[in-house]
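One-based numbering, in listed order, for ligands and for the atoms of each. The first residue in the sequence is number 1, and the count goes up from there.
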Amino acid sequence: MPIRELPTKPYTDQKSGTAGLRKKVAVFQQPHYLENFLQSIFDVEASLKGKTLIIGGDGRYHNREAIYTAIAMAAGNGIAKVIVGQGGILSTPAASNLIRVHNAAGGLLFTASHNPAGPDGDFGIKFNIAGGGQAPEALTGKLYEVSRQITRYRIFEGANVDLDRRGSQQLGDTLIDVVDSVDDYARLQQSLFDFDRIRDWFKRGGRITFDAMHAVTGPYARRILVEQLGAPESSVINAMPLEDFGGGHPDPNLIYARHLHDLALSPDAPDLIAASDGDGDRNMILGRGLFISPGDSLAMLAAHLDKLPGYKGGLKGLARSMPTCRAVDVVAKALKVECFETPTGWKFFCNLLDAGRLTLCGEESFGTSSSHTREKDGLWAVLAWLNVVATTGLSVQQIASQHWARHGRHYYVRHDYDELPVASANTVVDTLRKALPALVGVTHGDWTITQADEFGYTDPVDGSVATGQGLRIVFGDAARIILRLSGTGTEGATIRLYLERYETAADKLAWTTTDALAPIAAIADKLVRINELTGRKGPSVVT
Ligand code: VG1
Ligand code: CO
């Protein structure tokens, strides 16, 4: 019998963060480290037995090894069928979609998203549940508990699966189906957008540059933008997925994708410039001469979405994570639909999506998606923008200025302080937390603090509660300062400081973000004192 139960010893650090378990590659390479976490999943989710499981990853270093192990353990734990992307490749939204299309009981996604890859880089695993969403906190909490007591794991020994050959293979009683990584995902996008119209826009000279950053979206973007929509081959850059992402940092923002900002400002800029991250769930959008902040992108898509084929019936509801700017709230009010404020992390949108209360949602961290799947979806956002541009005949610039003229403008920026000593990051948060109660009513410049608290969330669908989700200082509708600790890093602690300012007067809509936010940054300096308490001179990332 090739299925064996092998002894193991628990690790104590298998605690999931904002989006799955993320650690240095070397941590995952410790004996049985991955096996322990996977066995915890099979033990806790007993309902996987006899069902279908989706497996894939973003192609980073260690992806294949992890996938061979996952397949052998799926066979060892009574999974009836494994569907795996060819070569072990699946973008995060494509995997979420496969779970839905095949009615699978769950999915194992090997990714550390935008974190750098390679032997010295990061690795990670997200466990997604039936329906396609990320495991909720109650479940990841149970996984952590079980992983700390694990004593054995089950595996099909000597499995020899060919990941590169499409079609079915048998591993004991388990059927392994290797599928094209793009097919189902491309079919889904085609069902949502007006491909004819976009094709026509390209024929009439419309131009896009999409940067896959040598990560997972290369094959997806090539198939859809070039093969199906007729964009020139040169429209997709850095399209070849590489194990180390070409040594880059596939985090599409104003620091790691600065070259795209420069391209947008150049005389020969294309109409739309976009990028996605390591695992294909983030998106960055720029037009000629202009960067669209993710919060603005969410609001502008919300305002135009009902013009696109997949959304003709209108929008059910909108949502954003707490630190995301409140531009979408303004649109929700205009459209007279519900608007939800959730904690950071896509998993918090999933119950609302399942309950049919949301059509579109997004996060300031370059994440946007709709009810078509249960993950944020980078290429979806790019196609949505392309479709809006092609349908309205407006440029990105015109869409933005019309939007701000009608709804006002939320200036927004995020400051990251990476790799701080944990104690010093905690001091910043604890100091502000203590100061919050005395802040309400205090005036700084033109702004008065109306609310100062720690964000907590009660899920409107299942009543589950999430506490400690970020500190917020609110100046009515006019401005906000938010502080929270990142839950995706693998070294030290990262502080994120979010600044927002809302203006509606016509002569205040065309400032630069830096100028508009300078007074808010000065208030934040006084109230949050990050530089003073950490000894840093400034943020490592401003985006
Ligand atoms: C970050 C972002 C959050 C996002 C998460 C996962 O989390 O802020 O909005 O959902 O990454 O995205 P944190 O805890 O580091 O702020 V991904 O593309 O890394 O899966
Ligand atoms: Co990602």
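Among protein heavy atoms, atom 2 (C) of ligand 1 sits closest to S365 OG, 3.4 Å. The protein heavy atom nearest to atom 7 (O) of ligand 1 is T488 CG2, 3.5 Å. Scanning all protein heavy atoms for the shortest distance to atom 12 (O) of ligand 1 gives K376 NZ, 2.7 Å.
Contact check on K126 versus D281 returns a salt bridge, with a Lys/Arg side-chain nitrogen under 4.0 Å from an Asp/Glu carboxylate oxygen. Between D251 and R282 there is a salt bridge, since at least one side-chain N of the basic residue sits less than 4.0 Å from a carboxylate O of the acidic one. In this structure, D453 pairs ionically with R472, as a charged nitrogen and a carboxylate oxygen lie closer than 4.0 Å.
The distance from ligand 1 to the heavy atoms of G487 drops below 4.0 Å at these ligand atoms: 13 (P), 14 (O), 15 (O). Close contacts of ligand 1 with K126, meaning ligand atoms under 4.0 Å from a residue heavy atom, involve 20 (O). The distance from ligand 1 to the heavy atoms of T18 drops below 4.0 Å at these ligand atoms: 5 (C), 7 (O), 13 (P), 14 (O). Less than 4.0 angstrom separates some heavy atom of T344 from each of these atoms of ligand 1: 3 (C), 8 (O), 9 (O).
No close placement of the F245 and H214 rings is indicated, their centers lying 6.0 Å or farther apart.
Between the side chains of S91 and D279, no donor-acceptor pair is found at a separation under 3.5 Å. No hydrogens or angles considered: nothing links the side chains of E243 and N63 as a donor-acceptor pair under 3.5 Å. With no hydrogens or angles considered, no side-chain donor-acceptor pair links S424 and T427 at under 3.5 Å. Residues Q189 and Y185 bring a donor and an acceptor atom of their side chains to less than 3.5 Å of each other. Residues H403 and D296 have side chains that never bring a donor and an acceptor to within less than 3.5 angstrom of each other. Side-chain contact annotation: Y311 with S370, donor-acceptor N/O pair under 3.5 Å present. A donor atom on one side chain and an acceptor atom on the other are found under 3.5 Å apart for D462 and N351.
Of all protein N/O/S atoms, those under 2.8 Å from the Co ion (ligand 2) are S113 OG, D277 OD2, D279 OD1, D281 OD1, and waters are not counted.
Residue contacts with ligand 1 for D281 involve side-chain atoms from C-beta outward but no N, CA, C or O (heavy atoms, distance under 4.0 Å). When non-hydrogen atoms are compared, ligand 1 lies under 4.0 Å from the side chain of D277 (C-beta onward) but not from its backbone.
In this structure, R22 is part of the shell of residues with a heavy atom less than 4.0 angstrom from ligand 1. Within the 4.0 Å heavy-atom shell around ligand 1 one finds G345.
Closest heavy-atom approach to atom 11 (O) of ligand 1 among the candidates R496, E363, H114, R282: R282. Summarising the contacts of atom 18 (O) of ligand 1 with G367, S113, A19, the nearest heavy atom is found in S113.
Looking at E363, E500, E364 one by one, the single match for salt bridge (Lys or Arg N to Asp or Glu O under 4.0 Å) with R414 turns out to be E364.
Considering backbone and side-chain N/O of L485, none are found under 3.5 Å from N/O of ligand 1.
Note on ring orientation: taking the six-membered ring where Trp is involved, the planes of H372 and W380 are parallel (angle under 30°, cut-offs 30° and 60°).
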